[in-house]
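Lettering follows sequence order; numbering is per chain, from 1.
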Amino acid sequence: MKTETLDPNTYLENIVRSALKELLGTKADQLPISLDRPRQPEHGDLGLPCFPYAKALGTNPAEAASMLAEHIHSDQVIAEVRALGPFLNFKLDRGKLAENVIQGILEGRPPFGPWPSNDLCVVIDFSSPNIAKPFHLGHLRSTVIGAALRRLYRFTGHEVHGINHLGDWGSQFGKIIVAWREWGDEEALVRDPMRHLFEIYVRYQKEEKERPELKERAAEAFRRLESGEDNDERALWRKLRDISLKAFQGPYGRLRVEFDHVTGESFYEDKMEAVVEKLEDAGITTISDGALVVEFPEQKIPPCILRKSDGTTIYATRDLAALFYRRETYKFDKALYVVGSEQKLHFRQLALVLEKLGWPQAKDVQHIDFGLILFFNEEKGRWEKGKTRSGNAIFLDEVLDEAVAGVRKIIEKKNPDLPDKEAISEEVGVSAIIFNDLKNGRIKDVKFDWKEMLSFEGETGPYVQYAGARLSSILRKAGVSIDSVLEEGEINFDLLEDAGTVLLTMMEFGPTLKRAVEKNEPSVLTSLMIRIASEIHSYLRDHRVLGDDPERTKARLALVAASRKILQTGLGILGVSAPEQM
RNA sequence: GCGCCCGUAGCUCAGCUGGAUAGAGCAGCGGACUUCUAAUCCGCAGGUCGCAGGUUCGAAUCCUGCCGGGCGUGCCA
């Protein structure tokens with residue numbers, strides 16, 4: 001087997017697997033192999049806990065480790081194998097490690113480059129803002145996490161359909177129609193459509209309490225909209241929808257988010273009746289308080305409403321219609337819904353409906369939930385949902401603008417001669433917001449701390465980008481590029497023995513992507529990017545790349561190029577750019 | 001009330017299917033720029049992993065109970 005064609009991690013796993021096979025035969029196939037970096041670097045580069053093998057080998061873990069050690073045949077890659085108590089520790093040959101990792105990255109081979117197709121199709125439903133309501137911070141998370149997952153799945157060999165399931169239907173639209181008729185202003189709409197629509201919507205909600213007739217009018221408006229006739233309501237709906245769609249291009253452009261399909265809720269307008277019939281035919285619906293529902297008495301959770309007592313549909317109906325349509329159209333193996341954890345119950349209800357239907361793919365439909373965005377309330381001394389003092393939602397644009405302004409100020413101070421300052425400020429500022437959102441586990445609330453946000457120190461997007469910019473700068477000075485560095489002649493990879501830590505961390509790229517996919521968790525990758533950046537920064541402090549020794553310089557340039565490229569790839573998956581200079 | 005989620009250093013968080021002495025960043029203190037970008041780096045200090053039981057050779061990790069916080073809880077999405 002040619003070691004050159006394998007990434008080091010897989011390679012070691014295979015070695016351990018065959019050693020286990022020699023000892024145990026086919027029984028070895030079920031045993032887990034979890035190689036990880038020991039906490040104490042003296043222990044080795046990779047460690048294997050041997051507890052799981054003790055029983056199979058009929059001995060204690062320490063003895064199992066020793067037995068395994070004897071069956072690991074040292075080769076070019078493995079410099080040393082040693083059993084230490086119940087652990088089997090490996091030390092890798094530094095030159096081979098460097099060669100495999102660096103070449104793998106620079107040549108774009110999996111797992112460092114796009115993975116070969118695995119024939120699995122994934123549908124990702126994300127972002128999905130409400131039409132006629134502004135794009136505020138609340139939409140940021142779904143958008144950013146969904147976009148990252150879309151790229152992550154695609155990179156790892158999946159066929160991906162990223163869908164923007166716009167909230168362009170539903171009874172809220174009746175409210176907007178009434179609000180528009182009451183307070184709509186053409187001029188204001190042209191000037192700043194989202195803000196104007198938001199203002200009249202907020203006003204509606206406030207006045208609805210004092211003027212109950214508004215509520216009736218709104219319900220009537222939605223009923224007329226859903227009637228299918230080409231009436232005034234529909235014309236207005238179309239107009240507001242078009243305006244909103246155009247306005248959303250702003251934030252999507254800045255965040256560099258793309259969709260494969262923009263099929264909003266209205267797309268399923270003519271597909272809902274079939275869904276209702278399907279569920280009725282299956283005999284799982286009942287009428288309760290005049291509404292058509294599916295009940296779940298055993299689970300003790302509220303019923304899933306399919307049609308309200310006024311005869312109009314509800315989002316559950318549309319979600320089911322969308323799901324069936326997507327299954328039919330894309331034949332997905334997995335459907336992900338990137339939606340806040342507030343909606344857990346809704347997705348649980350959908351899952352139960354599917355189960356009752358005996359839908360075979362029910363367990364492949366997953367709610368990818370995430371926490372809230374919180375702001376620190378100085379007066380109350382606690383974290384709260386994002387609202388300004390006037391009670392308005394915080395607009396995404398304002399947040400992005402503020403971050404960009406913060407970056408601009410720092411550039412002015414640290415790198416005033418930088419060309420194209422404005423573009424780079426935008427790039428870095430927006431990235432900082434995205435990165436911040438993807439830094440921690442999805443389920444955690446994102447705590448927006450302006451002071452920390454604008455300092456750009458420590459574990460931030462700019463920190464990782466800065467590492468990339470430093471690397472680029474070195475390549476620029478050397479007059480080589482990522483693509484040309486391997487063509488500069490033979491590289492003596494043994495000279496990179498001082499870069500073991502960085503290389504071992506870069507080696508984690510493949511397993512990290514795998515885990516990120518398994519957990520639908522971009523933050524796993526974000527953390528690795530921070531670690532790689534951190535180790536680069538440290539390495540650059542102690543090791544001069546451009547020096548007197550041409551051999552050493554060449555080897556280190558290869559390392560620099562590979563590091564630069566892996567940062568770019570990783571950040572790219574996250575949706576964060578990697579500027580050449582900053 | 002019920003359901004779900006969270007609880008790890010002063011703050012914000014990592015900690016993989018249970019494995020070696022629980023790790024970062026921020027804040028604090030002390031250092032490093034005539035040298036490839038100091039948005040950086042190095043060091044110090046900081047922990048009863050909410051509490052109590054249980055399972056296990058081994059628990060921050062799994063189970064049970066309790067406490068604290070959040071979200072949700074029939075015609076919004």
Any base atoms under 4.0 Å from [X], or only sugar-phosphate, or nothing? Heavy atoms, all strands.
X: A:Val293; result: base
X: A:Leu372; result: sugar-phosphate
X: A:Pro302; result: sugar-phosphate
X: A:Gln581; result: base
X: A:Ile301; result: nothing
X: A:Leu475; result: nothing
X: A:Asp289; result: base
X: A:Gln40; result: base
X: A:His165; result: nothing
X: A:Ser288; result: base
X: A:Gly441; result: sugar-phosphate
X: A:Leu84; result: base
X: A:Lys444; result: sugar-phosphate

Measure the distance between the ring centre of [X] and the centre of the six-membered base ring of [N], then answer whether it is under 5.5 Å with planes under 30°.
X: A:Phe87; N: B:rG19; result: no
X: A:His43; N: B:rA20; result: yes
X: A:Tyr463; N: B:rA39; result: no

Problem set entry | Axial cation check for A:Phe267 ring with A:Lys271, 6.0 Å and 45° limits |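 So A:Lys271 does make the cation-pi contact.
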
Integer angstrom distance from the [atom1] of [N] to that of [M]:
N: B:rG68; M: B:rG74; atom1: C1'; answer: 30 Å
N: B:rA38; M: B:rG47; atom1: C1'; answer: 31 Å
N: B:rG23; M: B:rA45; atom1: C1'; answer: 16 Å
N: B:rU55; M: B:rU64; atom1: C1'; answer: 11 Å
N: B:rU56; M: B:rG46; atom1: C1'; answer: 32 Å
N: B:rA77; M: B:rA20; atom1: C1'; answer: 50 Å
N: B:rC11; M: B:rG28; atom1: P; answer: 16 Å
N: B:rG3; M: B:rA9; atom1: P; answer: 29 Å

Respond yes when some side-chain nitrogen or oxygen of [X] is under 4.0 Å from OP1 or OP2 of [N], and no when none is.
X: A:Arg318; N: B:rA77; answer: yes
X: A:Lys439; N: B:rC13; answer: no
X: A:Trp383; N: B:rU12; answer: yes
X: A:Arg39; N: B:rA20; answer: yes
X: A:Ser538; N: B:rC42; answer: yes
X: A:Ser341; N: B:rG70; answer: no
X: A:Tyr466; N: B:rA39; answer: yes
X: A:Lys414; N: B:rA39; answer: yes
X: A:Arg470; N: B:rA39; answer: no
X: A:Ser171; N: B:rC76; answer: yes

Nearest whole angstrom, please: distance from the [atom2] of [N] to the [atom1] of [X].
X: A:Arg544; N: B:rC41; atom1: CZ; atom2: P; value: 19 Å
X: A:Phe370; N: B:rC71; atom1: CZ; atom2: C1'; value: 13 Å
X: A:Asp445; N: B:rG72; atom1: CG; atom2: C1'; value: 14 Å
X: A:Arg408; N: B:rA39; atom1: CZ; atom2: P; value: 19 Å

Problem set entry | No-hydrogen, no-angle side-chain donor-acceptor test under 3.5 Å, A:Ser523 and A:Thr526 |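 Note: A:Ser523 and A:Thr526 side chains miss the donor-acceptor criterion.
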
For this session: Would you check if there is a donor-acceptor pair between the side chains of A:Thr317 and A:Arg307 at a distance under 3.5 Å?
Result: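 No donor-acceptor contact under 3.5 Å links the two side chains.
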
Exercise. RNA chain B: A:Glu580 or A:Glu342, which has the more 5' nearest nucleotide?
Worked result: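 That would be A:Glu580.
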
Exercise. If you find the nucleotide of RNA chain B closest to A:Gln343 and the one closest to A:Arg515, which residue's nucleotide is nearer the 5' end?
Worked result: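 With A:Gln343 and A:Arg515 compared, the 5'-side residue is A:Arg515.
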
Mutual orientation of the aromatic rings belonging to [X] and [Y] [parallel < 30°, tilted 30-60°, perpendicular > 60°]:
X: A:His543; Y: A:Tyr539; answer: parallel
X: A:Phe173; Y: A:Trp237; answer: perpendicular
X: A:Phe135; Y: A:Phe248; answer: perpendicular

Exercise. Can you check B:rC26 for me, syn or anti if syn means within 90° of 0?
Worked result: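 Anti, which is what one calls it when the glycosidic angle falls more than 90° from 0.
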
Has the side chain of [X] got a donor or acceptor atom that lies under 3.5 Å from a matching backbone atom of [Y]?
X: A:Arg141; Y: A:Gly371; value: yes
X: A:Lys439; Y: A:Glu459; value: yes
X: A:Thr553; Y: A:Gly547; value: yes
X: A:Asn415; Y: A:Met582; value: yes
X: A:His367; Y: A:Val339; value: yes

Exercise. Given that both pair distances must be under 3.5 Å and the pair must be Watson-Crick or G-U, what runs of three or more consecutive pairs involve RNA chain B?
Worked result: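 Looking at RNA chain B, the stems formed by three or more consecutive pairs are B:1-7 with B:67-73, B:10-13 with B:23-26, B:28-32 with B:40-44, B:50-54 with B:62-66.
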
Exercise. Any donor-acceptor pair under 3.5 Å joining the side chain of A:Asp168 to the base of B:rA77?
Worked result: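 Absent.
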
Exercise. Does a distance-only test, which skips hydrogens and angles, find a donor-acceptor pair under 3.5 Å between the side chain of A:Glu265 and the base of B:rA77?
Worked result: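 Not at all, since no donor on one side and acceptor on the other fall under 3.5 Å apart.
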
Exercise. Does the ring center of A:His537 lie less than 6.0 Å from the ring center of A:Tyr466?
Worked result: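 Judged by ring-centre distance (under 6.0 Å), A:His537 and A:Tyr466 do meet the cut-off.
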
For this session: Could you please name the option among B:rA14, B:rA77, B:rA39 that lies closest to any side-chain atom of A:Ile314?
Result: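 Of the options given, the side chain of A:Ile314 lies nearest B:rA77.
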
